[in-house]
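This report refers to the structure that appears directly beneath it.
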Amino acid sequence: MSKVRVRFAPSPTGGLHLGGVRTVLFNYLFAKKQDGSFIVRVEDTDQSRYVEGAEKYIFDCLAWCGIAADESVIAGGPYAPYRQSERKDLYRQYAEKLVQDGNAYYAFDTPEEIETMREFLKTTGSGSLQYDHNSRSRMNNSLRLLPEETQALLNSGTPHVIRIKVNANETVQFTDMIRGDITVDTNNVDDKVLLKADGMPTYHLAVVVDDYLMKITHAFRGEEWVPSAPIHILLWKYLFGLHNMPHWAHLPLILKPDGNGKLSKRDGDRLGFPVYAMDWTDPKTGDTTKGFKELGFLPEAFLNMLAMLGWNPGTEQEIFSMDELIQSFSMDRVHTSGAKFDFEKAKWFNHEWIKKLSASTLAPLVTNTLAQKNLQITDNDYLVKVVDLVKERCTLLTDFYEQAGYFFKAPLTLDEAAVKPKWTTEKNNFFEEFIIRIVAAENFDSAAIETIFKELATEKNIKPGELQLPMRIMLVGAKFGPGVFDIATTIGKEQTIARIKTALEIFK
RNA sequence: GCCGCGUUGGUCAAGGGGUUAAGACGCUUCCCUUUCACGGAAGAGUCACGGGUUCGAUUCCCGUACGUGGUACCA
């Protein structure tokens with residue numbers, strides 16, 4: 001059996017959408033499991049939609065995800081170039097061959113003429129408004145024109161496209177690895193443009209030619225391609241033979257959480273969650289769309305979450321590392337129906353991953369997020385200790401600022417309302433005495449502090465519980481965080497005393 | 001409109017002719033903790049509808065409804 005080769009074929013038209021990343025993931029998992037190759041081919045055949053920087057951005061996203069292409073624009077490879085615009089000249093010969101074999105034809109119709117044809121079709125009450133086996137007999141193409149007429153138009157340089165000739169009354173059948181057999185009546189498929197007037201191929205021609213040339217064995221793409229699959233099957237049949245055709249799998253869509261339809265960038269803006277893998281700034285408008293990365297997601301969690309949207313191992317395991325995914329993944333366990341995106345569940349995956357990863361693994365990432373809030377970390381060992389103490393309280397990486405910030409600088413404000421109403425001179429005296437005792441103490445570990453605290457409380461005849469909350473507010477500023485004595489020992493004796501003194505002034 | 005694909009709790013989903021129809025997220029309650037989390041326990045909530053086939057259908061078949069995708073010289 002030949003080596004498995006799969007490809008992800010993005011168009012550089014904007015941010016990398018959730019669904020796109022999942023398509024990458026499934027391709028990648030499948031390839032790695034079979035010890036195959038994962039190829040990234042840039043499909044930039046539509047010059048009008050080309051967006052500056054989008055290609056680099058896509059590769060940045062893949063890098064963040066930890067997914068490396070075996071062959072690509074960047075990595076190179078035996079089938080270069082991997083950018084379709086650079087392969088432009090290749091496609092024409094295949095289109096011409098199709099014309100010669102009678103499987104395609106030249107069409108000289110202007111957009112206006114096609115529009116007129118559709119308007120006419122509407123008046124006839126015909127169900128189909130397509131340029132197809134039926135309507136083409138009325139149009140300006142080499143099928144209807146005399147050979148001399150066609151030649152004359154060609155010679156005079158009249159703009160034209162090449163369209164596939166789909167025969168009437170046939171059926172096209174193919175097997176989808178996820179959906180099983182799909183059969184389509186050719187009467188419903190139109191004569192799609194293969195080669196545009198500018199000489200660029202359309203997606204339909206380009207995928208088939210490149211998948212053949214690049215020896216792709218399995219072609220995975222979104223479900224939105226199912227309706228045009230028959231065109232591709234026909235092209236394979238005409239050009240390279242069905243026996244060389246890759247196996248197909250059409251992945252289910254990721255849908256909006258609320259209403260209906262495919263998840264889009266707009267839904268993220270509207271509902272307040274990211275849709276792109278990383279921040280994307282539109283070069284034309286300058287608008288930035290938030291990405292999962294910048295929001296504080298770990299790539300491990302992002303990918304894990306995506307894998308579970310549309311695929312399920314059939315066991316109760318939900319948390320998977322990339323290696324585990326590669327081991328467990330199989331295309332036949334991918335679902336047929338679309339799944340609504342749930343941001344809450346996405347956050348849950350991130351939380352699980354933050355808990356799962358060690359503090360030292362997390363530390364560099366936390367350093368970065370804190371730096372973005374102008375909190376510079378100089379002591380990594382100290383950071384690791386802090387991360388270990390607070391990580392189970394953080395859902396997103398960005399939560400570390402709030403959850404760990406007070407370990408690095410004293411709180412700016414204290415939650416006075418939580419203390420003042422029940423504040424007494426006895427309590428004030430307790431803390432003044434407490435400072436004296438910890439100054440004198442040899443040990444400043446968590447247990448020692450707790451012992452001193454509780455003994456003094458007993459002496460003063462105050463319940464320790466009534467003193468712990470004020471102490472927390474003194475050290476943290478608010479009602480959250482790990483055990484107070486753990487905080488005290490971590491920030492150290494000096495800081496602890498300083499913060500208590502400051503707070504005592506405020507509580508007075 | 002036409003064509004394709006789909007339909008298990010609010011969401012992700014396991015299962016698949018006979019089950020008390022898993023599990024997770026979210027939600028509620030309780031325990032732990034005089035903080036917030038974590039952890040633990042419990043709870044509410046489901047097989048779209050109508051016909052078949054069958055001793056028996058959530059599971060198979062056919063319709064309907066609904067959803068979704070396509071219907072571009074976009075991918």
Side-chain angles (χ1 to χ4, degrees), chain A residues 9-13 43-46 48-49 84 107 109-111 114 122 125-132 159-163 176 178-179 182-185 187-190 192-204 206-207 221-230 250 252-253 255-262 305 308-319 333 335-349 351-352 355 390-395 399 402-403 415 418 463-469 471-473 476 478-484 487:
Chain A
S11 292
T13 55
E43 309 218 328
D44 55 348
T45 53
D46 185 359
S48 67
R49 291 213 309 157
Q84 288 182 332
D109 317 278
T110 63
I114 293 173
K122 272 185 204 163
S126 153
S128 164
L129 303 179
Q130 298 178 324
Y131 198 122
D132 59 13
H160 64 278
V161 300
I162 292 180
R163 286 181 181 271
D176 185 283
I178 298 167
R179 284 150 220 279
I182 295 176
T183 307
V184 178
D185 182 341
N187 289 334
N188 297 319
V189 348
D190 58 341
K192 280 267 179 309
V193 169
L194 264 20
L195 200 75
K196 302 186 241 187
D198 65 2
M200 276 288 194
T202 58
Y203 171 82
H204 305 104
V207 245
R221 52 174 17 171
E223 189 188 337
E224 67 269 26
W225 289 109
V226 174
S228 46
H250 291 89
L253 266 13
L255 309 171
K256 301 176 201 288
D258 56 352
N260 315 314
K262 231 182 355 173
M305 174 273 292
M308 303 306 287
L309 252 195
W311 171 81
N312 187 287
T315 66
E316 286 190 8
Q317 185 178 356
E318 283 197 274
I319 303 301
R333 290 201 65 92
H335 302 140
T336 45
S337 53
K340 288 182 181 165
F341 177 65
D342 181 358
F343 190 49
E344 291 305 319
K345 184 91 189 212
K347 285 193 288 192
W348 175 80
F349 274 107
H351 193 15
E352 290 300 309
K355 285 189 287 176
V390 305
K391 70 188 177 101
E392 69 187 25
R393 278 157 246 269
C394 298
T395 298
D399 291 339
E402 189 189 10
Q403 293 293 333
D415 183 357
K463 283 194 211 123
E466 283 181 37
L467 297 160
Q468 269 186 46
L469 184 66
M471 170 108 160
R472 169 175 300 283
I473 303 294
V476 178
K479 286 194 275 185
F480 65 84
V484 263
I487 297 172

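Worth saying up front: this structure is predicted, and the values here are computed from it rather than measured. All values below come from the heavy atoms of this structure, side chains included, with hydrogens, waters and symmetry mates left out. The sequence lines fix the lettering, A, B, ..., with proteins before strands; numbering per chain opens at 1.
- Comparing U35(B), C74(B), A14(B) by their closest approach to the side chain of Asn312(A) singles out A14(B).
- Taken to the nearest 0.5 Å, the CD atom of Gln130(A) stands 10.5 Å off from the CG atom of Asn187(A).
- When the nucleotides C25(B), U34(B), G23(B) are ranked by their closest atom to the side chain of Gln468(A), U34(B) comes out on top.
- In the set A75(B), U35(B), G69(B), U35(B) carries the atom at the smallest distance from any side-chain atom of Lys479(A).
- With salt bridges taken as basic N to acidic carboxylate O contacts below 4.0 Å, none links Glu223(A) and Lys262(A).
- Here G70(B) is the nucleotide among G70(B), C25(B), U7(B) with the atom lying nearest to any side-chain atom of Glu224(A).
- With G4(B), C12(B), U35(B) as the candidates, the nucleotide lying closest to the side chain of Phe480(A) is U35(B).
- Contact of the Asn312(A) side chain with the His335(A) side chain is registered, since non-hydrogen atoms from C-beta on lie closer than 4.5 Å.
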Taking only Watson-Crick and G-U wobble pairs with both distances under 3.5 Å, what dot-bracket line describes RNA chain B, where [ ] shows pairs that cross earlier ones and | shows pairs with another strand? (((((((..(((.....[....))).(((((.......)))))....(((((..]....))))))))))))....
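- For the 3.5 Å distance criterion, the side chains of Tyr203(A) and Asp46(A) fail to qualify, holding no donor opposite an acceptor.
- Distances shorter than 4.0 Å separate some side-chain N or O of Lys196(A) from OP1 or OP2 on A75(B).
- There is no side-chain donor-acceptor pair under 3.5 Å between His250(A) and Arg179(A).
- In this structure, CD on Glu43(A) lies 6.0 Å from OG on Ser11(A), to the nearest 0.5 angstrom.
- Close to A75(B), at under 4.0 Å from its OP1 or OP2, lies no side-chain N or O of Arg49(A).
- Rounding to the nearest 0.5 angstrom, the gap separating the CD atom in Glu344(A) from the CZ atom in Phe349(A) is 13.0 Å.
- With U34(B), C73(B), G69(B) as the choices, the nucleotide that has an atom nearest any side-chain atom of Lys463(A) turns out to be U34(B).
- At A13(B), one or more side-chain N or O atoms of His335(A) fall inside 4.0 Å of OP1 or OP2 (strictly under the cut-off).
- For Arg179(A), the side-chain atoms get nearest to C5(B) when compared with the rest of C2(B), G69(B), C5(B).
- Looking at the side chain of Glu466(A), the nearest of the listed nucleotides U34(B), A75(B), C36(B) is U34(B).
- Two residues, Gly338(A) and Gly481(A), neighbour RNA chain B, and the one matched to the more 5' nucleotide by heavy-atom proximity is Gly338(A).
- Counting only heavy atoms from C-beta on, Asp342(A) has its side chain closest to U11(B) among G70(B), U11(B), C38(B).
- Between Arg333(A) and G15(B) there is a side-chain N or O to OP1 or OP2 distance below 4.0 Å.
- Residue Thr202(A) has its side chain nearest to C73(B) when only C73(B), C25(B), C38(B) are considered.
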